[in-house]
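Only heavy atoms go into these numbers, but all of them, side chains included; no hydrogens, no water, no symmetry mates. Here is the naming used below: chain letters follow the sequence lines, and residue numbers restart at 1 for every chain.
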Amino acid sequence: MEYKDYYQILGVERDATQDKIKQAYRKLARKYHPDINKEAGAETKFKEIGEAYEVLKDPEKRTAYDKFGSNWKNGQDFTPPPNWDAGFEFSGADYTGSDASGFSDFFEALFGQSQFGGTRRHYTSYRMKGEDSHAKILLDLRDAFHGSKQTITLSRAEMHADGRVVTVPHTLHVAIPKGIIEGQRIRLEGQGTPGIGGGPAGDLYLEIAFREDPFFHAEKRDIHLSLPVTPWEAALGATVTIPTLGGNVQMKIPAGSQGGKKLRLKDKGLCSQNKTGDQIVTLRVVVPAAVTEEQKALYRKMAQLMPVNPRNELGV
Amino acid sequence: MGKIHYLEGTVLDEDLRCSLVDMCRLCGVTAELLHEMIEEGVIHPIEPAPMEWRFTAVEIKRVQTALRLHHDLRVNLPGCALALDLLDELEDLKQRRRRR
């Protein structure tokens, strides 16, 4: 098991006052709260801070923890010495704390026993609905476009018969409906944490996020694509083959188009049962390099035949 | 090996409507708390008359986030409303930046 340096986690000195500890915790909790901080790892960090605070805010737990001394490093392999807790009094179940299930083995080994007011819950005497769970699922745009079947594995907190909370993998097969969009949530009834004392299980909320695609990006239901075209295709018009999430289609580029022009392909975006989205194609004119003398001459001829000042609007 | 059964959930989008009772059940809160949340602007019913309050299913997330902010960071309800609005705005700006 890894030693946890709770002082280092909260960024406080070992002799910090209870007030200092509280302030440090509040500040870090605001910074890493998973609803506020969307970066990967924020949730783990938030749980780690919560665990550190759970120990250091309680003078009894803090004193017991301090007994290991200051020579341990965070992450170092650690086994608590036998009877390390002898001579300490722990005053019962004051564990109001957040979600105990996310705490480390280290915390469980030290404070997880019922006499320390740990994570063991007295549950046999009542019935309670299990907690709702929340998870993010990462989809390819094509899966969202067509609808897809996904198998996901989440880790879920479950209560052992003896009241200990353990984390177990929970595998789910989920049908994702066609035309789901980023940020939308799917509620799966009864797929959250199991209930207590025969109570119903909580629900699972899956939030949809999209994997980055090299060509397409989604804005709500619309799919955007930047399309390279040649100057003559833009000037003279052309029919070109372009990719969509549903496969290649033919698109007409009108004559006299400029770079940046947006063309809309109806219903080629993320369409659900009762909502439609389009594909928006933005033209990007690619200028061929003039390498040979003949090519350079052609550009010079264009300059002669089509004199134009593209900076007119800038007043220069 | 039996055939894999794929779960079909409910998509919580703007088209899905919930009553006050649904909201209470789904979020595990009392009607009183939801009243307060409406008053403080945490959530916005579509139908303004209390007797027939209806919410879009996306409001469920606002209630759940508000509950977490309150529980974890001790933010009060007006603070939750402010935080939720700012978080929406932040998300919007991030999306726009990504597009560029």
Side-chain angles (χ1 to χ4, degrees), chain A residues 25-27 29-38 46 49-50 96-99 128-129 131-132 134 148-152 171-191 202-208 212 217-220 224 226 272-275 282, chain B residues 1-18 22-29 42 55-75 79-100:
Chain A
Y25 165 72
R26 290 270 155 77
K27 195 169 168 192
R30 282 196 300 273
K31 183 169 171 191
Y32 290 105
H33 195 278
D35 284 316
I36 293 164
N37 190 331
K38 301 286 178 198
F46 181 74
I49 304 161
T96 54
S98 9
D99 185 10
M128 207 173 104
K129 186 179 181 230
E131 275 179 42
D132 292 342
H134 300 262
S148 72
K149 292 186 165 157
Q150 301 279 331
T151 298
I152 49 173
T171 298
L172 283 168
H173 306 289
V174 189
I176 308 287
K178 164 185 160 64
I180 194 104
I181 61 173
E182 192 156 41
Q184 255 176 1
R185 299 198 307 162
I186 299 176
R187 173 173 166 264
L188 295 161
E189 197 172 343
Q191 295 298 325
D203 302 330
L204 172 65
Y205 290 85
L206 281 183
E207 182 168 334
I208 305 296
E212 199 133 323
H217 82 261
E219 266 171 47
K220 302 243 157 51
H224 289 253
S226 168
S272 69
Q273 249 177 1
N274 40 21
K275 287 261 166 78
T282 308
Chain B
M1 283 279 282
K3 201 165 167 273
I4 296 176
H5 171 67
Y6 285 86
L7 298 166
E8 287 191 19
T10 315
V11 178
L12 305 176
D13 60 12
E14 316 78 24
D15 294 339
L16 189 69
R17 301 289 147 95
C18 308
D22 294 334
M23 287 289 267
C24 290
R25 184 175 54 85
L26 289 174
C27 304
V29 294
V42 174
F55 306 86
T56 68
V58 287
E59 301 283 296
I60 296 170
K61 187 180 179 184
R62 286 179 71 92
V63 174
Q64 290 173 334
T65 308
L67 290 172
R68 283 194 296 268
L69 291 175
H70 175 68
H71 177 265
D72 299 338
L73 304 179
R74 312 200 324 157
V75 181
C80 286
L82 175 68
L84 284 165
D85 290 350
L86 291 176
L87 285 171
D88 281 350
E89 207 175 312
L90 189 68
E91 195 49 42
D92 199 46
L93 287 172
K94 275 187 190 160
Q95 287 263 344
R96 267 193 237 178
R97 198 182 56 182
R98 243 186 287 162
R99 269 173 243 154
R100 284 200 202 116

>> Please rank Q184(A), K149(A), H134(A) by heavy-atom pairs under 4.5 Å with chain B and give me the top one.
In response: K149(A)

> Is K275(A) salt-bridged to D15(B), cutoff N-O under 4.0 Å?
Replying inline: yes

> In Å and rounded to the nearest 0.5 Å, what is the CG to OH distance from L73(B) to Y25(A)?
Replying inline: 7.0 Å

>> Please give me the minimum heavy-atom distance between F46(A) and D72(B), naming the atom from each residue.
In response: CZ-CB, 3.8 Å

> Where on L84(B) is there a heavy atom nearer than 4.5 Å to chain A: the side chain, the backbone, both, or neither?
Replying inline: neither

> Looking only at heavy atoms, which two atoms of E8(B) and L188(A) are closest? And how far apart?
Replying inline: C-CD2, 4.1 Å

> Out of H217(A), Q150(A), E219(A), which one racks up the most heavy-atom pairs below 4.5 Å with chain B?
Replying inline: E219(A)

> Roughly how far, to the nearest 0.5 Å, is the CG atom of N274(A) from the CG atom of D13(B)?
Replying inline: 7.0 Å

> Can you tell which of H224(A), E207(A), R26(A) has the highest number of heavy-atom pairs within less than 4.5 Å of chain B?
Replying inline: R26(A)

>> Quick check: closest heavy atoms across L26(B) and D132(A), and the distance to 0.1 Å?
In response: O-OD2, 3.5 Å

> Name the one of I180(A), I181(A), I208(A) that satisfies side-chain contact (heavy atoms from CB on, under 4.5 Å) with V11(B)?
Replying inline: I180(A)

>> Taking every non-hydrogen pair under 4.5 Å, which of Q64(B), H5(B), K94(B) racks up the most with chain A?
In response: Q64(B)

>> Nearest 0.5 Å, please: how far is CZ in R25(B) from CG in D203(A)?
In response: 8.0 Å

> When rounded to the nearest 0.5 angstrom, what is the spacing between CD1 in I36(A) and CG in L69(B)?
Replying inline: 5.5 Å

>> Need one label for L206(A): side chain, backbone, both or neither, based on atoms under 4.5 Å from any heavy atom in chain B.
In response: neither

> Any side-chain heavy-atom pair from I4(B) and T151(A) closer than 4.5 angstrom?
Replying inline: no

> Which pair of non-hydrogen atoms, one from H33(A) and one from R68(B), has the smallest distance, and what is that distance?
Replying inline: NE2-O, 3.9 Å

> Should we say atom CD of E91(B) is surrounded by more than 12 heavy atoms from elsewhere, each under 6.0 Å from it?
Replying inline: yes

